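Remember, it's a predicted structure, so these values are computed and weren't measured experimentally. Remember, it's 1-based here, ligands and their atoms both numbered in the order they're listed.
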Amino acid sequence: MALVPSNGQLDAQVELYRNAFGVVKAMALKSVVDLRIADAIAHHGGAATLAQVAVELTLHPSKIPYLRRLMRMLIVCGVFTVQHPAVGATDEPVYTLTPLSRLLVGSSNLVPFMSMLLHPTIVTPFLGIGQWFQNELPPDQCCVFKQTHGESFWELTGHDTAFDAAFNEAMVSDSNFIMDIIIKEHGEVFQRISSLVDVAGGLGGAAQAISKAFPEVKCSVLDLGHVVAKAPSGTLVLYVTGDMFESVPPANAVLLKIV
Ligand SMILES: C[S@@+](CC[C@H](N)C(=O)[O-])C[C@H]1O[C@@H](n2cnc3c(N)ncnc32)[C@H](O)[C@@H]1O
């Protein structure tokens, strides 16, 4: 039988499937965060066999073959690496951390932020994007989030205390991570100002970091009432309740981070 050239169709199919399976990458990462696999490897000095990981995570031994598959996926994603034993050796492969998974361990890790990004409340609305385009929604239901949950993101955080706490913790973890780098590498920008307002600053992770490094900068945070109510006290940072669309407290500089 004569072979018919595929005219790039096979490459296109691979690319199509690769995009569709992108969701598996995200969910594999979610399992790392849920199970704390990076911590398990870190507890073994940064290198562990599957059996050691399984013991650390208290997984049933019957799950080890599936854990191997999950780890294979995560290696492709750059989350872990594996060192195979020399040919003929009977040692087990050893899994190690990479720069990505090192961000999931230690004191200022990004686990809360990753957990939030991959939280069902955040992920589920994406399943309804197609439907959202088809429906003529009333103006007060104009976003995909509201279509799924029946209320806006900020309405939900206003009454769901557990989700709000997780969300605020996530934002603080991102701020702790990024502000450390910004202050070390570009701290000079804060030396030229005397006051700063962190607009929609959440619990003020960014403002707190700036205030600690530059106590001479008068820092304030503007956010919604239910967030300000949980703000830390006894710091130099002033928390102000308000709506950023109505007014913003005066300051030399305005900081907008992930808003
Ligand atoms: C994605 S978070 C970012 C928090 C902070 N900037 C950070 O990077 O950690 C957005 C923040 O905007 C606040 N927010 C939402 N609508 C607001 C409004 N109309 N006025 C003031 N803050 C608002 C939320 O409560 C939340 O704390």
Side-chain angles (χ1 to χ4, degrees), residues 26 30 33 103-104 106-126 139-187 189-190 193 195-214 217-233 235-259:
K30 178 165 167 51
V33 169
L103 298 179
L104 303 176
S107 54
S108 48
N109 67 68
L110 289 171
V111 167
F113 195 67
M114 286 298 112
S115 299
M116 184 46 56
L117 285 185
L118 299 166
H119 192 287
T121 302
I122 305 270
V123 171
T124 314
F126 286 98
D140 67 331
Q141 286 190 20
C142 59
C143 77
V144 179
F145 190 91
K146 199 161 185 172
Q147 172 184 261
T148 305
H149 296 296
E151 57 189 342
S152 76
F153 191 86
W154 307 122
E155 284 166 344
L156 190 144
T157 55
H159 67 79
D160 186 334
T161 11
F163 183 76
D164 186 48
F167 177 74
N168 291 329
E169 192 199 349
M171 299 317 301
V172 169
S173 79
D174 177 72
S175 293
N176 289 345
F177 172 76
I178 202 72
M179 292 312 294
D180 194 37
I181 296 171
I182 289 175
I183 287 168
K184 273 188 200 135
E185 299 190 5
H186 301 286
V189 297
F190 303 110
I193 56 173
S195 60
L196 173 144
V197 56
D198 186 358
V199 173
L203 293 183
Q208 291 289 352
I210 296 165
S211 175
K212 271 186 204 123
F214 305 96
V217 180
K218 203 170 147 241
C219 291
S220 51
V221 172
L222 174 76
D223 210 293
L224 302 174
H226 72 268
V227 179
V228 170
K230 290 167 214 129
S233 54
T235 72
L236 290 174
V237 176
L238 175 71
Y239 286 84
V240 181
T241 294
D243 182 340
M244 64 182 169
F245 297 115
E246 287 177 7
S247 71
V248 169
N252 272 176
V254 170
L255 176 70
L256 286 157
K257 176 180 164 286
I258 319 190
V259 174

Could you give me the CA-CA distance, side-chain angles and deciding distance for Leu255 and Ile210, then say whether side-chain contact (heavy atoms from CB on, under 4.5 Å) is met? CA-CA 11 Å; Leu255 176 70; Ile210 296 165; 4.1 Å; yes
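Counting only distance, with no hydrogens or angles, the side chain of Asp180 and the backbone of Phe177 share no donor-acceptor pair below 3.5 Å. Formation of a donor-acceptor pair under 3.5 Å by the Thr157 side chain with backbone atoms of Asp164 is not found in this model.
On a distance-only criterion, Met244 and ligand 1 share at least one N/O pair closer than 3.5 Å. At least one N or O atom of Asp223 sits closer than 3.5 Å to an N or O atom of ligand 1.
Counting the atoms of ligand 1 from 1 in the order shown, those under 4.0 Å from a heavy atom of Val227 are 25 (O). Near Phe167, meaning under 4.0 Å from any of its heavy atoms, are these atoms of ligand 1: 1 (C), 2 (S). Those atoms of ligand 1 with a heavy atom of Lys257 less than 4.0 angstrom away are 3 (C), 5 (C), 6 (N), 7 (C), 8 (O), 9 (O). When each atom of ligand 1 is checked for a heavy atom of Phe245 under 4.0 Å away, the hits are 19 (N). The distance from ligand 1 to the heavy atoms of Gly242 drops below 4.0 Å at these ligand atoms: 20 (N), 21 (C). The atoms of ligand 1 that sit less than 4.0 Å from any heavy atom of Gly202 are 4 (C), 27 (O). For ligand 1, the atoms sitting less than 4.0 Å from at least one non-hydrogen atom of Ala200 are 3 (C), 4 (C), 5 (C), 6 (N), 11 (C), 12 (O), 13 (C), 22 (N), 23 (C), numbered in the order shown with element in parentheses.
Residue Ala206 places every heavy atom at 4.0 Å or more from ligand 1. Judged by the shortest distance from any of its heavy atoms, Asp243 lies inside the 4.0 Å radius around the atoms of ligand 1. Heavy-atom distances between Gly205 and ligand 1 stay at or above 4.0 Å for every pair.
Within a 6.0 Å radius of NZ in Lys257, other residues, nucleotides and ligands contribute more than 12 heavy atoms.
Within the 4.5 Å cutoff, side-chain heavy atoms of Tyr239 are placed close to those of Pro232. Using a 4.5 Å cut-off on side-chain heavy atoms (C-beta onward), Lys30 and Val123 make no contact. Considering only heavy atoms from C-beta on, Phe214 stays 4.5 Å or farther from Leu196 through its side chain.
When ring centroids are compared, Trp154 and Phe167 come within the 6.0 Å threshold.
The single protein non-hydrogen atom nearest to atom 23 (C) of ligand 1 is Leu224 CG, 3.7 Å, given as residue, atom name and distance. Summary of contacts: the protein heavy atom closest to atom 10 (C) of ligand 1 is Trp154 CH2, 3.4 Å.
The heavy atom nearest to atom 9 (O) of ligand 1, considering only Glu246, Met116, Met171, His226, is found in Met171. For atom 1 (C) of ligand 1, the candidate residues are Ile178, Asp164, Ile258, Asp174; the nearest heavy-atom contact is made by Ile258.
When all heavy atoms of Val254 and Val199 are compared, the pair lying nearest together is CG1-CG2, 3.7 Å. Of all heavy-atom pairs spanning Ile183 and Ala213, the tightest one is CG2-CB, 3.8 Å.
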